[in-house]
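Written out below as structure tokens is the structure these notes cover.
If you're wondering where the values come from, they're calculated on a predicted model, not measured in any experiment.
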Amino acid sequence: MLTITVAQDGSGDFASVSEAVLAVPYACAAEIRIGPGVYREKLVCEKQDITLIGAGMESTRIVWGDGGKLPHPDGRPTHTFRSYTAFFRGIELRVRDLTIENDAGPGAKVGQAVAAYVDCSHTLFENVRLLSNQDTLFCAPLPEKEREKDGFLGPGRFAPRRPTAQYYRHCEIAGDIDFIFGGADALFEQCTIRTVNNHLPASYVTAPSGRADGLGFVFWDCDFVSDDCPAGTVFLGRPWRPTGKTAVLDCRLGAHIAPEGFSPWQSRTDSDLACFAEAGSTGEGAAARGAWVKQLDSQQAEELLRCARKLCRPE
């Protein structure tokens, strides 16, 4: 395996992450070790098999500040899917021990601000912090069709919608509106899911858009916390597309979680096609949910977790 080092003081092979990624031949497995520092760059990584390893979440930070409402060089707004700080496409991706942040600001001011756009066949994020406000983490693929003009403007607009399996372990993901969204099958194990308080009437953690026969987003043994969001104002999810799925298993929910748990998508009336499930929730945000939220027994929850691990966790 090719090993490349990145250091801002010039002691590594390269001084920027983007230069290091660009130097990797597409089909060559590579490990890029990134030293401490704030790397202010918009990263595009389209390699077949790559590993990025930082010096720790506090020490190594990749930061950019594009927002969906902000102007793009082509004269149009940036829109959601061009706002990313880091864009990943390939087959095998592993990211460890660093932070990826979009610091554009709250969505009311700058629009959607993606920190990580992840479109790889198999993905592992471990000990990674993903920080933004609206639309922090996009777990590709995109839905088949956009609902408004230029809704999917960006690197995946014309790409085939291929399945992805994504695994997040010991990560922190922060945002306010739909800040974990997309059509992937993804497992989040022992992560901290933090809702940022931007004084909104309501916030939403997930916005799944996957297939009816897919796994969707599964959270196990996670902590859902907030930055002083008012009690009962944050929903665990809403369906970005009608068949989206989110399951919350054995998680600890803060008082910010709404008693309904999940929400329909704006004024749409087809939310009964979605699958929102829960089992073993504890904490002030745990409550009896409405009939459309499926309550799993212990055997059902164990089977769902087993399937998620089999599909999403690296061997």
Backbone N/O of A165 and side chain of D185: donor-acceptor pair under 3.5 Å: no
Which atom of P141 lies closest to which atom of T164, heavy atoms considered: CD-OG1, 4.2 Å
Pairwise side-chain contact, Y168 with I180, heavy-atom cut-off 4.5 Å (strictly under): no
Heavy-atom side-chain contact between S281 and I257 under 4.5 Å: no
Whether T136 side chain and A116 backbone form a donor-acceptor pair below 3.5 Å: no
Polar side-chain atom of R252 near backbone of F224 as donor-acceptor pair, under 3.5 Å: no
Working for side-chain contact (heavy atoms from CB on, under 4.5 Å), residues F125 and L137: CA-CA 12 Å; F125 276 61; L137 170 62; 5.7 Å; no
Atom pair OG1/CG of T233 and N197 - distance to nearest 0.5 Å: 7.0 Å
Worked check of side-chain contact (heavy atoms from CB on, under 4.5 Å) between E278 and K294: CA-CA 6 Å; E278 193 173 7; K294 186 175 182 180; over 6 Å; no
Any T85 side-chain heavy atom under 4.5 Å of L43 side chain: no
Neighbour count >12 (heavy atoms, 6.0 Å) for atom CZ, R33: no
Expected output: side-chain N102 to main-chain A104 donor-acceptor under 3.5 Å: yes
Residue pair G68 / P77: nearest heavy atoms and the distance that separates them: O-CB, 3.6 Å
Intermediate values then yes/no, salt bridge (charged side-chain N to carboxylate O under 4.0 Å, His left out), R157 and D150: CA-CA 9 Å; R157 187 177 193 177; D150 290 338; 3.3 Å; yes
L98 with I32, same ILVMFWY side-chain cluster at under 4.5 Å: yes
Min side-chain heavy-atom separation F188-I173 under 4.5 Å: yes
Backbone N/O of C139 and side chain of Q166: donor-acceptor pair under 3.5 Å: no
Donor-acceptor side-chain pairing of H170 and Q190 below 3.5 angstrom: yes
Closest non-hydrogen atom pair between C312 and Y167, with its separation: O-CB, 3.3 Å
Interatomic distance, Y84 atom OH to S132 atom OG [nearest 0.5 angstrom]: 15.0 Å
Distance-minimising heavy-atom pair for F235 and A258: CE2-CB, 3.7 Å
H79 side, atom NE2; L153 side, atom CG - distance, nearest 0.5 Å: 5.5 Å
Parallel, tilted or perpendicular: ring planes of F217 versus F219, cut at 30 and 60 degrees: perpendicular
Donor-acceptor under 3.5 Å (E302 side chain, Q299 main chain): no
Side-chain donor/acceptor of S209 to backbone N/O of G244, under 3.5 Å: no
Test item: side-chain donor near acceptor, S203 and T195, under 3.5 Å: no
For I34 against T60, the heavy-atom pair lying closest together: O-OG1, 3.4 Å
Any side-chain heavy-atom pair of V218 and K245 under 4.5 Å: no
Sidechain-backbone polar pair: N133 side chain, G105 backbone, donor-acceptor under 3.5 Å: yes
Aromatic plane relationship, F138 with F181 - under 30° parallel, 30 to 60° tilted, over 60° perpendicular: tilted
Test log, rule side-chain contact (heavy atoms from CB on, under 4.5 Å), inputs L142 and R161: CA-CA 7 Å; L142 287 162; R161 306 308 197 246; 3.6 Å; yes
Spatial distance of atom NE2 (H256) from atom CG (D227) [nearest 0.5 Å]: 9.5 Å
Note, R82 side chain near D66 side chain (heavy atom, < 4.5 Å): no
Neighbour count above 12 (heavy atom, 6.0 Å) for Q266 CD: yes
Shared hydrophobic cluster, V196 / V225 (ILVMFWY, side-chain heavy atoms < 4.5 Å): no
Within-4.5 Å side-chain heavy-atom neighbours: F276 and L236: no
Side-chain heavy-atom pair T80, Q134 within 4.5 angstrom cut-off: no
Residues which pass side-chain hydrogen bond (donor to acceptor under 3.5 Å, both in side chains) with R268, listed by chain and number, not counting sequence neighbours: D270
Common cluster, L187/L296, ILVMFWY with side-chain heavy-atom separation under 4.5 Å: yes
Derivation of the side-chain contact (heavy atoms from CB on, under 4.5 Å) call for R241 and W265: CA-CA 8 Å; R241 290 298 188 270; W265 182 270; over 6 Å; no
For R61, side-chain hydrogen bond (donor to acceptor under 3.5 Å, both in side chains) partners two or more places apart: E101
Gap between atom CG of N127 and atom CE of M57 - 0.5 Å precision: 5.5 Å
Heavy-atom donor-acceptor pair, R129 side chain to C171 backbone, under 3.5 Å: no
Test item: T192 side-chain N/O and D223 main-chain N/O as donor-acceptor pair under 3.5 Å: no
Plane angle bin for F81 and F152 - parallel if under 30°, tilted between 30 and 60°, otherwise perpendicular: perpendicular
Shared hydrophobic cluster, V205 / V118 (ILVMFWY, side-chain heavy atoms < 4.5 Å): yes
Salt-bridge contact E126-R94 (side-chain N to carboxylate O under 4.0 Å): no
Salt bridge present between D178 and R238 (N-O < 4.0 angstrom): yes
Nearest heavy-atom neighbours spanning P242 and R147: CD-NH2, 4.1 Å
Contacts of E284 that satisfy side chain to side chain contact (heavy atoms under 4.5 Å, CB included) - sequence neighbours left out: A255
Shared hydrophobic cluster for L249 and L311 (ILVMFWY, side-chain gaps under 4.5 Å): yes
Point-to-point distance, once rounded to the nearest 0.5 Å, from CG of L22 to SG of C45: 10.5 Å
NZ/NE/NH1/NH2 to OD/OE distance under 4.0 Å, E189 and R309: yes
